[in-house]
Each structure stands twice: as structure tokens, then as C-alpha cells.
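Residue numbers begin at 1 in each chain, while the letters A, B, ... track the order of the sequences.
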Amino acid sequence: MSTLSKNFEPAQVEEQWYQHWMNKRYFHSTPDSRKPFTVVIPPPNVTGVLHMGHTLNETVQDVLVRKARMSGFNACWVPGSDHASIATEAKVVQLLEKEKGIRKADLTRENFLKHAFEWKDKYGGIIYHQIKKLGCSVDWERATFTMDEHYYQAVIKVFVDLYNKGMIYRGARMINWDPAAQTALSDEEVEYKDIQGKLYYVKYKVADSEDYITIATQRPETIMGDTAVCVNPNDERFAHLRGKQVLVPLVNRAVPIIFDEYVDPAFGTGALKVTPAHDINDYNLGLKHSLPIIDTLNADGTLSAAAEVFVGMDRFEARKAVVAQLQEEGLLVKEEEYSTRLGFSQRTSAVVEPRISTQWFVQMKEMAGKALGAVTSGEVKIHPEERFMATYKYWLENVKDWCISRQLWWGQRIPAWYDADGRFVVAATESEANQLFQTTFGQPAGGTLTQDEDVLDTWFSSWLWPMEVFNGITQPGNEEINYYYPTNVLVTGQDIIFFWVARMIMAGMEYKNERPFEHVYFTGMVRDKQGRKMSKSLGNSPDLLELIERFGADAVRFGILISAPAGNDLLFDDSSCDQGRSFNNKLWNALKLVKLWEANGIAQYDRNEEDFRKAAFAADWFAARLATVREQVEKMYSEFRLSEALKTIYSLIWDDFCSWYLEWVKPPFGQPIDGHLYSCTLDYFEQLMQLLHPFMPFVTEEIYHQLRERADGDDLTIRQFEPVAESIGVERDAVLAQGELLKSLITAIRDARVKNQLKPKDSIKLHVQTAAEANYSLFEGLLLKQVNAEAFSFVQDAVAGSIAVVLGTDKLYLETEVQLDTAAQKDQLLKDLEYQRGFLISVDKKLSNERFVQNAKPEVVEAERKKRSDAEQKIKAIEESLEALG
RNA sequence: GGGAGCAUAGCUCAGCUGGUUCAGAGCAUCUGCCUUACAAGCAGAGGGUCCUUGGUUCGAAUCCGAGUGCUCCCA
């Protein structure tokens, strides 16, 4: 046996075992006769690094996957990453400019993509490295990227198919425009924030009159796009303006005054300027009243020629300029502080501009209905259900069509092909498009067809993830998709419930007519100690690799999980990793103790049955505890209460195993341990490591191998759980009760020792007055050892001059040479007495209430009667002890 | 503005279908211990009108209503 280090040293152990598991290909899965347990990783963004939210997610998945792998399943966890269209393109553009001085505008699409792929190859590996360091048991041979060739084909195939089914259409709509990335966004990519803005009151001159009408607006820079002023038809103040026109300031355009109940007379001045090109509500109003649309903004957020004034100026600069100009012309009535909500691009943080634009959309209604059904019917189960079911339902019931085109290059290019006249067909390839053009329009395309310049929303690729990682779209019905689909559980953050989860269910129902996963487990958001969201801008997100370096991967996994109650947001703090590291150490030291016993030699003690059973009490008790906890943990797994499961295992190991069991079986200093106890101890230790392994894979694997010599391939990672034994050779409840009794005896006596200021080394003689002497026979020896008593006897009466302790109805007397403070003892007993008397009164009160006795269930009444008689006996015992004290 | 969730020890939380095995756990705190695996430890202890307020009930931390505070989602 090599000498074990003082403390557990994770770094080398982790490296070595991960390599070993990889060499053995334990994480690689191929279809076989076992039941599959499939998990697909929520693909992290290829440009990013893992933050604590990912860490939590990956850890949860790894726990579930490892548990399944150890429970007879063919576990398959597919890793991968997504191409994150907007974010990656923005980064690549930035980098090209900075490092090589290349502007995107100067590049061809092909060249740009070449750079993007180079960049992805260079930096995309960071995430995978982090996943490895964390110990995740993913099947690396299956790693998938959403821009892989087959995946690209799958996305195109689905687009063409949905188009042919009439579920994808192209049209001009008001969409969310990101002026920084210069692309359309879906509704989900816009984040609304409260902003302190201003409301400007502006006078519009009524045409052919000296009258003015005052409107209120937040966006004076869009005045030049006004095509009407609208008031409420029931508003008497404006009745005289019916049929009149007003002159738009700065551009002096005459526009009509229109009447619509949409306008709230109480808001602002009751008059609304209508700018159909730049506000969604105005747009709808414009449609209703057939107003012209004047788009006064360019794609980059500067004023267009249509604005006539301040052309080329940025929209926010233009706002100041317009206000100044209005003021100069005496048209600005006043400014007012105003709090409102503004939309920001999730990716670039630019203020989103509502803009009319021709884009591609997916019809959502039908698919949303199916996705909703899958969840309400229970086919897909959401955890924790009460928290997220309502959100999920609400979104699907109110879903709008999905804008999927993005004005970018990094992504799957939309397979629509146009001729010079703007006629188009949708087909996977150019040659198919040419053919289709012929059949559709009865003539060949005039000249060559050009493909749509835009790419698809990244989520339009990731919604196929659970299928296409198994080539389920490109090769439907293949062996793998048949075997692995549907997956078992999806673990993800609640923030992408719409972006991703709901859409995956839609795609699954559409293309497999089957749910993509049975369970969805939503983790909470990771926040810092002060409850703030972790974000790059706050700089409050710890670096994962650094954390692992400081504490070890097992400790980090422990730390994040122990503070993560199901579905709740969790406040992450380094100190929980510290707790994990201490736990590692505790395990390590327990190992050292056991190894020490091994070194001290194993003895065969006399197995005379009675004596042997006594010696084996500790072993029987722990077997019972282990079996009980394993059942509890099993249940917690099935309910996804992983944090609780970990706590339960932690306490079983630290408290039951280390603090109680090991102390109970520990041989006297220097003496050899009994062979039976020793092998029991190794078995238990081994089983504990197995139980903990899904949570803390490295340290457990290491200890597993330290405990006993292992044959090649006998590794904890693949070791199968034995079913929890129905019988452990003794009556489980009885032995557990005995153990509890022993523990409370030890604690009570130790407490009495401390309160009476006995030094740990001061020996005592223990006398017990009890009606159930048999209870003590099994563990008498253990009891003496644990409370440093040199003698034990049963007595019928109080022992004068001793410390009296009342435990239940038993009385314990600690005889000692040390001078005692009887006053302190008396105080303690009086306190107990007072409590018991109060308790008795409350029980009596209940039992003397006729309605309670009549209405409550008989067993409840019976329990109360038992409580009463117990309390009476306890009171009697305390009173006797007090009497003996004098 | 619409909807959802939460409120229990200093902190983070557990308490399922109402009844002192229900007022708990882990951290943190306090007091003893360098006891021969572990001071990143051992032994022991203290600490809560279960947000407020009505109601249902023989009985409410638990069920219902109202209020207050916080969080999230949507427009």
C-alpha cells in the first residue's frame, strides 16, 4: 500500500480518471438490447464559455446520466454546440476588423464563412474542454455542431418541407429590427427594460386655420414619418376637427385627422401622431385607415432620405436635433418625465427598432396546438410542474408567427431562389430550383436564379436537435433514431422555455409525431450571493476552470448542486465549493482510517453467536441505514430532487458512517480489527462511493480503487447498482430503532458530561434504571466505549451522588469521582419537567375535548393517549430524580 | 396593465394529502477539545408569534379570502 497523502488532491486524480474512462470508451454508446437512456445537451453557444448556469445544467445531466448508466441503462449523452448566428457573426466581424483590418463589406460571403469556420475551430473547443474538466460523461464520438454538413441539410430539408406544407411564408410585416447587427429578430429575442424617458408635447398646425392640435410623443425623431393624427371619436375636444388636415412639423406635409377608439383620451393630450413605419400600433392603425407608410429610417438606424431633414443622422442624435428645431419654431409645448419600456436586442443590446420588412415566417398556430397538447396530456412532463406549466401554456396559447430570417451570413442560407422579376421557388438545391421553376411558372427562369441572401434563425436549427443528432431528419427511420428517440430527459434553464423547449416539442410532434423527451427539468437561474443575476457586465460570474483548479471538479459539482433546490433560483457562493472540498477530505480521511486498520492486521474474534451478534450490532445498524437511504435517494431521483438526494447521501456518509459507524467499529488503539467487521466496512464504504459517484465521480472512483485491488475494467463508473435488499438478515425497523436509542443515549450522556464539566478523560461508571433492560444488551459495550465509561450496571433505585439523566422513561446515573454541581443538574431537570408538564396539559386539553375524541380519526386519538401516558411516566421519572438529588 | 410564483432560525432552504416522531436541515454563531482518520476536524449548545389579518375546522406553518413585501414571465 502506498502511503496516502494528508489531504485529497484532486487535480491529478481527475486528469487520470477522465483519461481512463475515455480510454475504456465507457461514455460511448451504441444501440443494443438494453433500454436506452438518452440525453441531449442543450448546445452551448460555440463562441462562449461555460458560466455557472451551464455548470449547474451539465452537472445535473451528468448525475442523471451516470445514475442511469449504473442502473442497467444504455446511457447516451450527446454533446454539441450551436452556431449562435448573431453573436458569432458579430464576434467574427469585430475580430476581423481588429486583427486583420478586414471589413465584412469587403469580403465575399464565401470568404467570410471561411474566416468564421477558422475562428470556430480555434475557439469553439474551450467549451468542450470545460465540459471534460467538469467530469461530464458525454459521448464525444457523437459531438454535433449545428452547422455540420448533415445538420445543415436537415435544416434546409425542414424549411423546404414546411414551405411545401404551407407553414412557411414570406411577407412584409412589422418586425423587430436590430440596427447594430442589421438583422431582423424574433419576438423572443427582444428583451424589454424599464427606462426613464421623456414625453414631448408638440403642436401641429391645423391646415387652413390658425388652430393647433397638440400631440404627445416619445419619439419626436419619427415625426417626419407621420401620415395622420388620430383622436378618439368620443372625445368632444376634437369633434370640430372632423374632416380637417394638419401639417406635420418640420416637413409641412398635410395629413388627415383620423378618428379611432384605439386612442385613450386620458393619455397625453388625447391626440396621437400616427407613424405606421415605426410603431407596431401605428402600423395596425395605418392598415385599418389605409394610411401611407413613410419609412424615415435606414437599416443602420440613421435617418433616410424620406425623412427630408437630418438625413444620415443617427436616430438618437436626430431626436435631439428635432427637439431643438421644434423648440426654435415654437412648436414644442413641453417635455415631461416618463417611464416606459423599451425593447433591446438580446444579442447586441441595441435598442430594437420596429420596422416594416419582408421576412420569412413560420405559422405557429397549428404546431403550437400540438405542442401544448403534448404537455397538457402529460406526454411530456415538466418539472417542477407548478412553476412552469402556466408559463408554457400561456405562451403557446398566445404565440405569434415566428420570424426566422436573419440578415446575416453565418447560418443556414434560406433555400429560396429568385429570378430577375422577383418570382421565387423554394428548393434544397439550385438544380432542383431550376426544375421547380419550370413546373411552377411554365417557363425556365430568365437568366440564372439567385438564392436568398438571408440565413435562418439559430433556433430554427436547434429545434431539430434531439432528432438530428441521430440523423433523424436527414435519414429518417435509421437504427439510431429509432433506438434513442424519444430522449428521456431534457435539462435546461427556464429562460429558454419558448426559444427552445416549446419549439423542440413542435418539431418533434411534426417530424416524429412523438415527444422529443419524456421529462423536462428546469433549473433555476444562478445568481450571486447578493441575488444578482450572473452576467459578464457585472463580472460576478466565477471562471469555471479557475474554480475547478481551486477546489477540484467534485467540489464544484457538490457546491453548485447542494445550493440548487429544484427549480428555484440559487445563490451561488464559493463557500459551498469549500464545503464540497471538505467533504472530499472527509472521505479521504475515512479511507486513511480504514487503510490503517488494514495495516494493523485483521483478527478472527470468537464467533460465539450471542457475542458475535453484539459485536456486529454496528454493522447491522449501518446496513439498515444504507438500505433505507438508498430507497429514499431512489425516490428523490425519480422526482428530480437531486439537491436533496445529495444532502441525504452527504449526511449518511458524514454523520452515520463517519461519526457513528466508524467510531463504533473502531478497534482499541493498536489492536487488530475483527475480520467480519472489516469486510463489512469495506463493503459499506464501497457502496457509499457508488451511491455518491454520480455526484462526485472522481474522488469516488479513486477511493473505490484504493479500497480493494480491482480487476481491469472493474470501475465504479460502470459498476451496476445491486437492487436494495429486501432483507438484511435482521429486522430493519427494530435495528434502526435500537441505533437511534444508542445514539440518543450517547448524546445525552455526553451532554451531561459537558454540562457537569467532566473532562473527556474523566472516566465514569454508568448505572441504568429501566423497564427494558433487553434494549441495552446489544450495544452495551459500544455505549461504554463512546461515553468513556469503565463500568455498567442496571439498578432499581437512584444512585446517590451521581449525575442523573432522564431519557424517555429511562434514568441514567453517571457515577464519578469529580465534584459535582448539583444546582446545575437541578436546573436542567426542572427545565425538562416544566416542558413535560406543559406538554401534558396540551395533550390533556385535547383529549378532554369531546368533539376531538368524536371527530378525529381513532388512530390519532390513540396516539394522543399514548403521548399522555408517556408524558406522565417521564414526569414521574424526572420527579424521582429530583428527589434523589435532594 | 395581464399572469404566475414566493414569504419558515442570522443566511439558503425542507416541511407531500391539516393532528408534538412538526417546528426541521445545512451553513453561520457560541462553548469545550491539538482524543492515536480528519482543526478543511471532534464533542456539545443556543436560536423561529412559520409575513399581517380574517375565515373553515375539535385542531392551521399546512386549506380558503384580503392585505403587505419580493421575484419572474407577458403586453
Task: Spacing of the C1' atoms in B:U57 and B:C64 (rounded, Å) - done: 12 Å
Open item on the list: Strictly by Watson-Crick or wobble contacts shorter than 3.5 Å, is anything paired with B:G26, and which nucleotide is it?
Closed with: B:C11
TODO: Could you work out the separation of B:C6 and B:A66 based on their P atoms and round it to a whole Å?
DONE: 16 Å
Open item on the list: When you measure from the side-chain N and O atoms of A:Ser576 to the phosphate of B:U12, is any distance below 4.0 Å, counting only OP1 and OP2?
Closed with: no
Task: Separation of the P atoms in B:U68 and B:G32, to the nearest angstrom - done: 49 Å
- [ ] For A:Glu872 and A:Ser869, test the side chains for any donor-to-acceptor distance below 3.5 angstrom and give the result as yes or no.
- [x] no
Open item on the list: Please pick, from B:G44, B:A40, B:G26, the nucleotide with the shortest atom-to-atom distance to any side-chain atom of A:Asn7.
Closed with: B:A40
Open item on the list: Counting only side-chain nitrogens and oxygens, does A:Trp597 get under 4.0 Å of the OP1 or OP2 atom of B:U36?
Closed with: no
Open item on the list: Quick check for you: to the nearest 0.5 Å, what is the distance between A:Lys586 atom NZ and A:Leu591 atom CG?
Closed with: 13.5 Å
Task: Flag for A:Asp187-A:Asn176: side-chain donor and acceptor within less than 3.5 Å - done: yes
TODO: Select one nucleotide: of B:G41, B:C74, B:C58, the one nearest the side-chain heavy atoms of A:Arg851.
DONE: B:C58
Task: Pair assignment for B:G19, Watson-Crick or G-U wobble, requiring both distances under 3.5 Å - done: B:C58
TODO: Go through B:C42, B:A75, B:G19 for me and flag the one nearest to the A:Lys400 side chain.
DONE: B:A75
Would you give me the side-chain donor-acceptor pairs under 3.5 Å for residues 554-562 of chain A, sequence neighbours excluded?
from: A:Asp554; atom 1: OD1; to: A:Phe698; atom 2: N; distance (Å): 3.2
from: A:Asp554; atom 1: OD2; to: A:Phe698; atom 2: N; distance (Å): 3.4
from: A:Asp554; atom 1: OD2; to: A:Val699; atom 2: N; distance (Å): 2.7
from: A:Arg557; atom 1: NE; to: A:Phe695; atom 2: O; distance (Å): 2.9
from: A:Arg557; atom 1: NH1; to: A:Asp62; atom 2: OD2; distance (Å): 2.8
from: A:Arg557; atom 1: NH1; to: A:Leu134; atom 2: O; distance (Å): 2.9
from: A:Arg557; atom 1: NH2; to: A:Asp62; atom 2: OD2; distance (Å): 2.8
from: A:Arg557; atom 1: NH2; to: A:Pro694; atom 2: O; distance (Å): 2.9

Open item on the list: Distance check, C1' atoms only: B:G24 and B:A39, in whole angstrom units.
Closed with: 28 Å
Open item on the list: Taking any heavy-atom pair under 4.0 Å as a contact, classify A:Asp578: base, sugar-phosphate, or nothing.
Closed with: nothing
Task: Pairwise C1' distance for B:U12 and B:U20, with rounding to whole Å - done: 26 Å
Open item on the list: Let's see if you can work this out: which of B:G44, B:A14, B:C27 has an atom nearest to the side-chain heavy atoms of A:Gln579?
Closed with: B:C27
Open item on the list: Closest approach to the side chain of A:Phe498, judged atom by atom: which nucleotide of B:G41, B:C74, B:A40 is it?
Closed with: B:C74
- [ ] Describe the nucleic acid contact of A:Glu663 in one word from base, sugar-phosphate, nothing, applying a heavy-atom distance below 4.0 Å.
- [x] base
Task: d(NZ, A:Lys759; P, B:G44) in whole Å - done: 18 Å
TODO: Applying side chain to side chain contact (heavy atoms under 4.5 Å, CB included), run through A:Arg625 and A:Val629 and close with a yes or a no.
DONE: CA-CA 6 Å; A:Arg625 280 293 300 147; A:Val629 167; 3.6 Å; yes
Open item on the list: Within the 4.0 Å heavy-atom criterion, would you say A:Gln757 contacts the bases, only the backbone, or no part of the nucleic acid?
Closed with: nothing
Open item on the list: Partner lookup for B:G32, please. Criteria are Watson-Crick or G-U wobble with both distances under 3.5 angstrom; report none if nothing qualifies.
Closed with: B:C42
Open item on the list: By the 4.0 Å heavy-atom rule, please label A:Arg581 as base, sugar-phosphate, or nothing.
Closed with: base
Open item on the list: Using OP1 and OP2 only, check whether a side-chain N or O of A:Lys586 sits under 4.0 Å from B:C42.
Closed with: yes
Open item on the list: Taking the minimum atom-to-atom distance to the side chain of A:Thr747, which one of B:G44, B:G41, B:A75 wins?
Closed with: B:G44
Open item on the list: On the nucleotide B:C72, are OP1 or OP2 found under 4.0 Å from the side-chain N or O atoms that A:Thr391 carries?
Closed with: no
Task: B:C70 pairs with, by Watson-Crick or G-U criteria that keep both distances under 3.5 Å - done: B:G5
Open item on the list: Starting the side chain at C-beta, find the nucleotide from B:A14, B:C74, B:G41 nearest to A:Trp654.
Closed with: B:G41
Open item on the list: Could you tell me if A:Tyr661 and A:Thr681 have a donor-acceptor pair between their side chains, going purely by distance under 3.5 Å?
Closed with: yes
Task: Side chain of A:Phe852 (C-beta onward), nearest among B:A37, B:G19, B:A40 - done: B:G19
- [ ] Determine the contact category for A:Asp751: base if any of its heavy atoms lies under 4.0 Å from a base atom, sugar-phosphate if only primed atoms, P, OP1 or OP2 are that close, otherwise nothing.
- [x] sugar-phosphate
Task: Spacing between A:Leu396 atom CG and B:C74 atom P, to the nearest angstrom - done: 13 Å
Open item on the list: Over 60° means perpendicular and under 30° means parallel, so tell me whether A:Trp395 and A:Phe498 are parallel, tilted or perpendicular.
Closed with: parallel
- [ ] Just call it for A:Arg753: base, sugar-phosphate, or nothing, with non-hydrogen atoms closer than 4.0 Å on any strand.
- [x] nothing
Open item on the list: Heavy atoms only, 4.0 Å cut-off, all strands: where does A:Ser659 land among base, sugar-phosphate and nothing?
Closed with: sugar-phosphate
- [ ] Verify the contact: side-chain N or O of A:Lys761 to OP1 or OP2 of B:A43, cut-off strictly under 4.0 Å; return yes or no.
- [x] no
Task: C1' gap between B:A75 and B:A4, integer Å - done: 15 Å
